[in-house]
Amino acid sequence: MSASNTIKLSVDKMTCASCVGRVDRALAAIQGVRRVAVNLATEEATVDVANAQVTGQQLAQAVTGAGYPAQVIEERSIVDQQVKQQDRAKDLAKRTAFAVVLALPVVVLEMGGHLVPAFHHFIDGTIGMQTSWALQAVLTTLILAGPGRQFYAIGLPALIKRAPDMNSLVAIGTGAAYFFSLCVLLLPEVVPAQAQAVYFEAAAVIVVFILLGRWLEARAKGHTGVAIRSLLDLQPKTARLQTTAGPQTVAIETLKAGDIVLLHPGERVPADAIITEGTTHVDESMITGEPMPVEKAIGDAVTGGTVNGFGSLTLRVEHAGSDSVLSGIVRMVQEAQGAKLPIQGLVDRITLWFVPVVLAIATLTVLLWILLGPAPVVSHALVAGVAVLIIACPCAMGLATPTSIMVATGRAAELGVLFRKGDALQTLADVDLVAFDKTGTLTVGRPEMTDLIVRSGVDRATVLTLVASVESRAEHPVAKAIVEAANRDEVVLKSASHTVAHSGLGIEGRVDGETVLIGSDRLMATHGLDVTGFEHDMAGLMAQGKTVFFAAIDSDVVAMIAVSDRIKPEAARVIAALTDLGVETAMITGDKNTTAQAVGREIGITTVVAEVLPGEKVRALETLRGTHDKIAFVGDGINDAPALAFSDVGVAIGTGTDIAIEAADVVLMSGNLNGVLSAMSTARAAMRNIKQNLFWAFGYNVALIPIAAGALFASFGLLLSPQLAAGAMALSSLFVVGNALRLRGLNRSKS
């Protein structure tokens with residue numbers, strides 16, 4: 001091991017931010033540990049250690065000792081990780097379903113009589129209340145010992161170690177309700193007659209709700225590794241290696257620098273290489289994000305995973321395997337997804353003091369009743385102590401966050417916004433800068449012919465007919481843009497012959513006996529043709545970021561054509577709306593600076609970072625993060641995956657690549673940028689709702705804890721029974737759910 005090394009651990013049984021904090025503290029306490037990043041989504045911990053004295057086994061033992069089984073992993077297996085998460089989601093689904101099946105009869109037996117008087121008479125007169133309680137006890141015992149066992153297995157040791165988490169709260173709340181009810185059932189003589197009621201249904205329903213929330217969370221985690229796996233799928237499995245015995249198909253893993261490989265049209269490039277024979281156009285959109293294929297000739301570099309056009313090539317491998325650009329992108333996505341974000345759940349922060357305080361109050365209540373209370377002392381002490389614990393039951397607190405998330409994300413989906421990670425709601429609400437990719441995000445993602453300027457005295461329709469007729473014989477995206485423009489104008493194309501492609505410059509052909517030449521000013525110059533008459537218009541179009549071509553008929557330059565990737569019509573309005581919300585905007589793109597600046601001016605973005613590769617996009621975000629609290633990045637291309645994963649919130653355009661979508665936290669199902677506003681408004685509304693829920697969840701409990709402890713007994717002779725405490729708890733839960741349901745009224749952001 002080197003002087004500085006990174007060790008990765010797989011960590012099981014983490015369920016909340018408190019768990020993450022305990023694992024973090026257990027690792028940070030080891031001498032020689034430099035940095036710890038615990039990732040709840042991937043259930044992994046990345047630890048930078050300073051020297052060889054710190055071993056992976058030592059780290060794993062420390063985490064296991066903190067209550068979370070851990071083991072060293074040599075490298076991340078995306079498939080294994082997904083299988084593990086899918087298995088956990090399936091296990092939670094089974095346990096949740098089992099708990100629901102057992103809890104329904106408990107609720108019916110206990111609450112049915114309150115809702116249907118005839119059922120109450122059936123309980124009293126037919127099966128008897130004691131039998132009803134006994135059935136509830138059996139079913140609740142099965143729930144707590146089966147699906148709910150994990151809360152006690154994790155929560156009680158955490159409590160003993162003075163680091164309580166949500167599991168501890170669930171264990172205390174359900175345990176208090178269960179054992180008090182069991183005492184009423186089996187030892188009724190120790191409980192005052194007026195307090196003899198059971199709360200088995202409270203314990204059962206709490207377990208059901210918490211398990212349901214964790215199942216939904218596990219489902220959201222199920223796609224963590226898909227982005228990286230999709231990136232790896234871009235690389236072909238085999239390559240055609242040139243040997244002394246002729247071409248041989250070999251596994252991609254066997255390639256090394258210096259190998260000569262053959263590439264047919266339409267195939268993906270097997271490794272980073274240099275072209276030694278042939279010419280072609282290569283689709284590099286996975287790297288640059290730009291839609292137009294790039295001309296490649298002898299001596300040019302090609303990147304592994306990019307798509308060859310219509311030329312056959314001979315390549316010399318330069319970088320293969322882990323040294324390739326694609327592998328570098330994979331590593332960036334892995335590192336970004338594994339980074340430690342400064343997100344701590346509000347509930348878990350509150351539990352740091354809430355549980356110890358409640359336990360202290362309950363203990364003090366019992367002691368004071370035993371020392372100072374009237375007879376029967378033990379019974380009064382038991383009732384008051386249990387009432388305090390039940391009034392502080394975490395049911396409402398457990399519902400406060402997941403219920404709001406469920407309703408908000410469900411409504412967002414109706415508005416075309418998918419939150420792939422629940423914590424994106426909280427982070428997006430705090431975002432103060434939104435950075436956009438350009439191509440396919442702020443623009444429509446495909447070139448269009450925007451201008452056709454003809455020389456005075458020349459018929460525009462005739463020029464478009466001749467030009468489109470020749471371009472119809474080509475496959476280049478620019479050619480398709482010109483043909484599409486002709487189709488929109490209902491131009492009838494003619495037969496073109498003798499077409500010749502001038503690589504990287506343009507195309508030539510004959511239509512109705514006339515020679516038509518279409519291409520750049522360089523192509524015109526090679527044919528001795530002058531374009532000076534169009535210089536003024538050319539400068540203006542290029543300043544707008546448009547690509548300019550010329551058309552000559554029979555050696556006479558008659559027209560200038562401009563092609564551009566059109567800006568989405570809603571882009572300027574979205575940028576202005578974000579500004580009104582107090583959110584700054586920026587654009588980070590691999591496009592040319594001239595084009596990027598022009599787009600920025602048109603839609604109102606002043607911070608423009610252009611001509612950047614994937615790694616540079618991440619560095620640009622790092623720079624912007626230095627002056628902003630939270631950053632969101634909106635993109636659609638494969639090249640955006642590292643930036644989407646690195647940003648505090650990655651927002652992918654749903655019309656983009658699968659890889660960009662899987663690397664993101666939020667997905668806009670359509671390409672409409674108004675989805676960014678819908679996502680932002682949903683996040684802010686959800687966070688307001690969650691804070692309201694937490695206030696009421698604790699407000700009900702905290703306000704009634706003194707009453708539960710017996711504050712009104714001396715003056716009014718009133719002692720809050722556990723039944724009323726459970727009622728207050730249920731009321732707070734109903735309020736939380738009702739408040740969360742208000743999020744269903746969220747409206748789509750207006751364009």
Side-chain angles (χ1 to χ4, degrees), residues 404-405 407-445 566-589 599-608 621 624 628-637 640 643-644 647-656 660-661 664-691 742-751:
S404 295
I405 291 175
V407 178
T409 53
R411 178 54 182 158
E414 295 176 350
L415 300 178
V417 179
L418 297 179
F419 284 87
R420 294 188 63 249
K421 299 177 182 177
D423 59 8
L425 275 172
Q426 179 176 347
T427 311
L428 187 59
D430 296 329
V431 161
D432 56 354
L433 173 71
V434 177
F436 293 86
D437 174 53
K438 183 185 80 68
T439 303
T441 302
L442 294 171
T443 65
V444 296
R566 183 169 53 87
I567 296 173
K568 291 179 179 178
E570 73 278 6
R573 295 194 298 272
V574 169
I575 298 302
L578 288 173
T579 302
D580 292 341
L581 290 174
V583 178
E584 296 183 34
T585 56
M587 181 168 64
I588 305 173
T589 177
V599 171
R601 286 193 300 271
E602 183 170 347
I603 64 178
I605 293 178
T606 56
T607 303
V608 176
L621 288 174
L624 292 170
H628 296 84
D629 292 331
K630 293 285 188 298
I631 295 176
F633 181 82
V634 185
D636 77 314
D640 296 328
L644 287 166
S647 59
D648 295 301
V649 181
V651 182
I653 299 294
T655 53
I661 292 171
D665 305 298
V666 182
V667 177
L668 310 183
M669 297 175 67
S670 73
N672 195 308
L673 289 172
N674 284 308
V676 176
L677 296 178
S678 294
M680 183 74 73
S681 62
T682 298
R684 292 188 173 186
M687 285 312 301
R688 286 195 301 270
N689 193 270
I690 288 171
K691 291 175 181 178
R742 294 191 306 112
L743 292 171
R744 297 174 63 182
L746 287 173
N747 294 320
R748 183 183 299 274
S749 295
K750 300 204 172 155
S751 56

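All values reported here derive from a predicted model rather than from experimental measurement.
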- request: Carefully, step by step, assess Val634 and Asp437 under the rule side-chain contact (heavy atoms from CB on, under 4.5 Å).
  value: CA-CA 6 Å; Val634 185; Asp437 174 53; over 6 Å; no

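- For Ala664 against Gly650, the heavy-atom pair with the smallest separation is CB-O, 3.3 Å.
- Note that CD1 of Ile605 is 3.5 Å distant from CD1 of Ile575, once rounded to the nearest 0.5 Å.
- Judged by distance alone, the side chain of Glu570 and the main-chain N or O of Leu673 form a donor-acceptor pair under 3.5 Å.
- Remark: the backbone N or O of Ala685 is not paired with any side-chain donor or acceptor of Asn689 at under 3.5 angstrom.
- Annotation: side chain of Ile567 is in contact with side chain of Val599 (closest heavy-atom distance under 4.5 Å).
- Contact of the Leu428 side chain with the Met680 side chain is registered, since non-hydrogen atoms from C-beta on lie closer than 4.5 Å.
- Within the 3.5 Å criterion, the main-chain N or O of Ser678 finds a donor-acceptor partner in the side chain of Ser681.
- Annotation for Val608 and Gly600: closest pair CG2-CA, 4.3 Å, computed over non-hydrogen atoms.
- Among all heavy-atom pairs drawn from Gly635 and Thr441, the shortest one is CA-OG1, 3.5 Å.
- What you find for Met687 and Gln426 is that their closest heavy atoms are SD-CA, 3.4 Å.
- Atom CZ of Phe436 sits about 5.5 Å away from atom CG of Leu578, to the nearest 0.5 Å.
- Separating the CD1 atom in Ile603 from the CZ atom in Arg573 is a distance of 12.0 Å, to the nearest 0.5 Å.
- Each of Leu442, Val574, Ile653 was scored for a side chain to side chain contact (heavy atoms under 4.5 Å, CB included) with Lys568, with one residue passing: Ile653.
- Asp432 places no side-chain N or O within donor-acceptor distance of the main-chain N or O of His628, the cut-off being under 3.5 Å.
- In terms of the salt bridge (charged side-chain N to carboxylate O under 4.0 Å, His left out) criterion, Arg684 has no residue partners (sequence neighbours excluded).
- Ser647 places a side-chain N or O within donor-acceptor distance of the main-chain N or O of Leu644, the cut-off being under 3.5 Å.
- Nearest heavy atoms, Asn672 versus Leu668: O-CD1, 4.1 Å.
- Thr606 meets the side chain to side chain contact (heavy atoms under 4.5 Å, CB included) test with no other residue; sequence neighbours excluded.
- Proximity of Leu433 to Leu624: side-chain heavy atoms (C-beta onward) are separated by under 4.5 Å at one or more points.
- Of the residues Asp648, Val651, Ile588, Val649, the one that meets the side chain to side chain contact (heavy atoms under 4.5 Å, CB included) test with Phe633 is Ile588.
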